[in-house]
Amino acid sequence: MTVRVRFAPSPTGYLHIGSARTALFNYLYARHTGGKFLLRIEDTDLARSTEESTQSILQGLEWLGFAPDEEIVFQSDNADKHRAIALKLLEEGKAYRDFTPKEEKVEGSVKDAIKERARAAGDQKSMRDNPFRDITEVEAETRIANGEPFAIRLKVPMEGTTSFEDGVYGLQERDYAETEDLVLLRSDGHPLYNLAVVCDDIEMGITHVIRGQDHLTNTHKQILIYRALGVEPPTFAHLPLIMAPNKGKLSKRKHGEVVSMTTYRDAGFLAEAFRNFLALLGWSAGEEKEIYSLDELISKFSLEGIHRSNAVFNFTEGDARKWTDDKAMWMNAEYIRTMPLGDLLPHVKAELKSAKLWREEYEPDGRALVATVPSTESQAFEASTEIADRPEAIAIEPLEVGTYDWYIRTIDAIRSRFFTLKDFSSQGRAYFSEDFDFNHAAVEKNLKAFPELMEWLPELSMRFRHEFGNEGSLPFTEENIEGVIKAFTAEKGTKLGVIMNGARTLLTGVSVGPSMLTVFEIIGLQRTMVRLLGRIAWNQAEVVAE
RNA sequence: GUCCGGUUCGUCUAGGGGUUAGGACACCGCCCUUUCACGGCGGCAACACGGGUUCAAAUCCCGUACCGGAUACCA
């Protein structure tokens, strides 16, 4: 029997980080077993479901790369079938009509109201004492004739236990006494969650249900429905939950955008990096390794590797530097600086395009296209190493700014200190445009702290012109630049760092980046000379500093 | 309240009768670059508590505490 799993979000918000991980585990399990990964939108709560959040969820899944193997099922489309099944159970005496008037919606927290009601009932109350559980058909007919509304509840047997072997938590047992006669159909004829899920899972041929641990008790209820229907339940596996830093619930209301998948897409995260991070939240292959390609995750994934304890998604609210989990950020940076360059290029292109920094010269003759649209990972690697090898081979002569070769070398150089794709257009802006800002802290630390630089740096500009700017001069390459800079530094009797850091800030607007010699070279002689003169920059620095 | 589940460095985790309790992130230090948030090396830092079983318990059993989930005519 081939494995069929499903991810079944309810469209009442965007794709939550916990849901994303559930989707990931389902996806990995399907791929690992050669099964099918299906998607079902549980939009039976018309009041709360929105088209907007359905789209947001779909976008999140698309970004993560989890395309369903079959057509998407919308649960609300099956409401008639669910109703029919509830009626069938009623007919068979496995369900009954409950004429108890519907309770009014309570004010405030629903959760608290439920807790309060349960406490008030104490342990005296039996789950089987519904007065309508065993009324005669005649009485029921009379009430119906009187126009009394009724809900349909499952008639849970008086004695027994539901049990199942959970793929993660092991044997789970629950006495019938702990389970209420759950409502299948509302008095307005609307099918409820547990009924809808069971019916759809049966119809979709689901073999393994992998979902959050918060569904553990639902599973017992659902098994009761499977039994009433005479259908063998699928295998269940429940996942530990992802918690907020205070070990409480991670929610949009309390924590905002950090929990939404689209936030990470928009913040310049790579889907492969985020997937990798997510996979390690609650699962481990039992080895000392952090970076896993999707293929590796698929081949190593197993239910046995899933933990039973909840994991904290660690971030600091109000701290711009730690707005999301450190490890997620590190993982993204790690991918950006170590992944095959050819795989990174399309992402950088998209980022530069959206920042209006892209130039067609960066991708002539469809060269990058060939290298970056490989059909397998190994091909991607070959293609990208080929590209990555090029810069070194041609570094003997300075590259012409704005060319394909220059672009490749520049991206490869600057990616080493970047954390997100956004950095290519923000921190890296000075490489692609004359219109860039100066970081306040960098100006303070590297320029204003050394007033002499206001003289020295323009002087260095003239020195560069003298050394490299004439017919037959040495090429403006790292090795040659180093010689000139060192001599210049010695002349001024200052530390190399002062000159280097000052130049870095004047040239790039920031205080970090690749080796400064590399920066000089890829900024190029012309731009270096102009920027070192620094009129505009010093002026701007003043403005920014104030 | 009741039922279910959990508890190894700040966080993610490895280990599951004998380990100097390992790795990663974060943090700190040193080195490299007479420059930085790259890189290299190192440091800080954990078995919730109490009983038992055992020659030996972080590991097995029981209890306690704490945390989480569930307990809807929500999903």
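Chain letters run A, B, ... following the sequence lines, proteins first, then strands; residues in each count from 1. As the structure is a prediction and not an experimental result, all values here were calculated from the model. FYI, side chains are in, hydrogens and waters are out, and symmetry mates aren't considered; it's all heavy atoms of this structure.
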Rounded to whole angstrom, note down the [atom1] distance from [N] over to [M].
{"N": "B:G15", "M": "B:U20", "atom1": "C1'", "answer": "15 Å"}
{"N": "B:G68", "M": "B:U11", "atom1": "P", "answer": "14 Å"}
{"N": "B:U7", "M": "B:U59", "atom1": "C1'", "answer": "14 Å"}
{"N": "B:A45", "M": "B:A24", "atom1": "C1'", "answer": "14 Å"}
{"N": "B:C4", "M": "B:G40", "atom1": "P", "answer": "49 Å"}
{"N": "B:A57", "M": "B:U19", "atom1": "C1'", "answer": "13 Å"}
{"N": "B:A46", "M": "B:U8", "atom1": "C1'", "answer": "6 Å"}
{"N": "B:C32", "M": "B:C27", "atom1": "P", "answer": "22 Å"}

Tell me which nucleotide among [options] gets nearest to the side chain of [X].
{"X": "A:Ser309", "options": "B:U35, B:G5, B:G6", "result": "B:G6"}
{"X": "A:Glu178", "options": "B:C3, B:U35, B:C38", "result": "B:C3"}
{"X": "A:Arg186", "options": "B:A24, B:C74, B:U13", "result": "B:C74"}
{"X": "A:Asp214", "options": "B:C73, B:A70, B:U11", "result": "B:A70"}
{"X": "A:Leu241", "options": "B:C25, B:G68, B:C38", "result": "B:G68"}
{"X": "A:His307", "options": "B:A75, B:C12, B:A14", "result": "B:A14"}
{"X": "A:Ala151", "options": "B:U34, B:A24, B:C73", "result": "B:C73"}
{"X": "A:Phe419", "options": "B:A37, B:C25, B:A72", "result": "B:A37"}
{"X": "A:Thr217", "options": "B:G5, B:C73, B:A70", "result": "B:A70"}
{"X": "A:His215", "options": "B:A75, B:C36, B:C12", "result": "B:A75"}

Geometric cation-pi criterion, [X] with [Y]: 6.0 Å, 45°:
{"X": "A:Arg97", "Y": "A:Phe150", "value": "yes"}
{"X": "A:Arg429", "Y": "A:Phe436", "value": "no"}
{"X": "A:Lys492", "Y": "A:Phe488", "value": "yes"}
{"X": "A:Arg21", "Y": "A:Phe25", "value": "yes"}
{"X": "A:Lys422", "Y": "A:Phe424", "value": "no"}

Is [N] paired to anything, Watson-Crick or G-U wobble with both distances less than 3.5 Å, and if yes, which nucleotide?
{"N": "B:U59", "answer": "none"}
{"N": "B:C9", "answer": "none"}
{"N": "B:A21", "answer": "none"}
{"N": "B:U54", "answer": "none"}
{"N": "B:A14", "answer": "none"}
{"N": "B:U71", "answer": "B:G1"}

Is there a donor in the side chain of [X] and an acceptor in the side chain of [Y], or the other way round, less than 3.5 Å apart?
{"X": "A:Thr219", "Y": "A:His238", "result": "yes"}
{"X": "A:Asp166", "Y": "A:Gln172", "result": "no"}
{"X": "A:Asn218", "Y": "A:Tyr193", "result": "no"}
{"X": "A:Asp43", "Y": "A:Ser49", "result": "no"}

Tell me if the side-chain of [X] makes a donor-acceptor pair with the base of [N], cut-off 3.5 Å, by modelled atom types.
{"X": "A:Lys247", "N": "B:C67", "answer": "no"}
{"X": "A:Ser187", "N": "B:C73", "answer": "yes"}
{"X": "A:Asn218", "N": "B:A70", "answer": "no"}
{"X": "A:Arg417", "N": "B:C36", "answer": "yes"}
{"X": "A:Arg48", "N": "B:C74", "answer": "yes"}

Under 4.0 Å between any heavy atoms, over every strand shown, what does [X] touch: base, sugar-phosphate, or nothing? Just pick one.
{"X": "A:Lys289", "answer": "nothing"}
{"X": "A:Pro11", "answer": "nothing"}
{"X": "A:Tyr193", "answer": "base"}
{"X": "A:Arg504", "answer": "base"}
{"X": "A:Glu287", "answer": "nothing"}
{"X": "A:Gly513", "answer": "base"}
{"X": "A:Gly212", "answer": "nothing"}
{"X": "A:Glu42", "answer": "sugar-phosphate"}

Practice problem: Pull out every residue in residues 74-86 of chain A that has a heavy atom closer than 4.0 Å to any atom of RNA chain B, ordered by number, or say none. | Solution: none

Quiz prompt | Whether A:Thr518 side chain and A:Pro514 backbone form a donor-acceptor pair below 3.5 Å | solution =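 Checked: no pair found.
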
Quiz item: Checking A:Arg128 side chain against A:Lys155 main chain: does a donor-acceptor pair fall under 3.5 Å?
Solution: no

Short side-chain N/O contact from [X] to OP1 or OP2 of [N], under 4.0 Å:
{"X": "A:Lys486", "N": "B:U34", "value": "yes"}
{"X": "A:Arg211", "N": "B:A75", "value": "no"}
{"X": "A:Thr44", "N": "B:A75", "value": "yes"}
{"X": "A:Arg40", "N": "B:A75", "value": "no"}
{"X": "A:Ser284", "N": "B:U13", "value": "no"}

Quiz item: Of A:Arg21 and A:Asn246, whose closest RNA chain B nucleotide lies nearer the 5' terminus?
Solution: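 By nearest-heavy-atom nucleotide position, the 5'-most residue is A:Arg21.
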
Quiz prompt | Residue mapping more 5' on RNA chain B - nearest nucleotide basis, A:Gln172 or A:Glu482 | solution = A:Gln172

Quiz item: Does the salt bridge (charged side-chain N to carboxylate O under 4.0 Å, His left out) test come out yes or no for A:Asp412 and A:Arg409, once each step is laid out?
Solution: CA-CA 5 Å; A:Asp412 200 31; A:Arg409 173 149 152 78; over 6 Å; no

Please report, rounded to the nearest Å, how far the [atom2] atom of [N] is from the [atom1] atom of [X].
{"X": "A:Leu506", "N": "B:C36", "atom1": "CG", "atom2": "P", "answer": "18 Å"}
{"X": "A:Leu278", "N": "B:U13", "atom1": "CG", "atom2": "C1'", "answer": "15 Å"}
{"X": "A:Asn501", "N": "B:A37", "atom1": "CG", "atom2": "C1'", "answer": "13 Å"}
{"X": "A:Met329", "N": "B:A37", "atom1": "CE", "atom2": "P", "answer": "17 Å"}

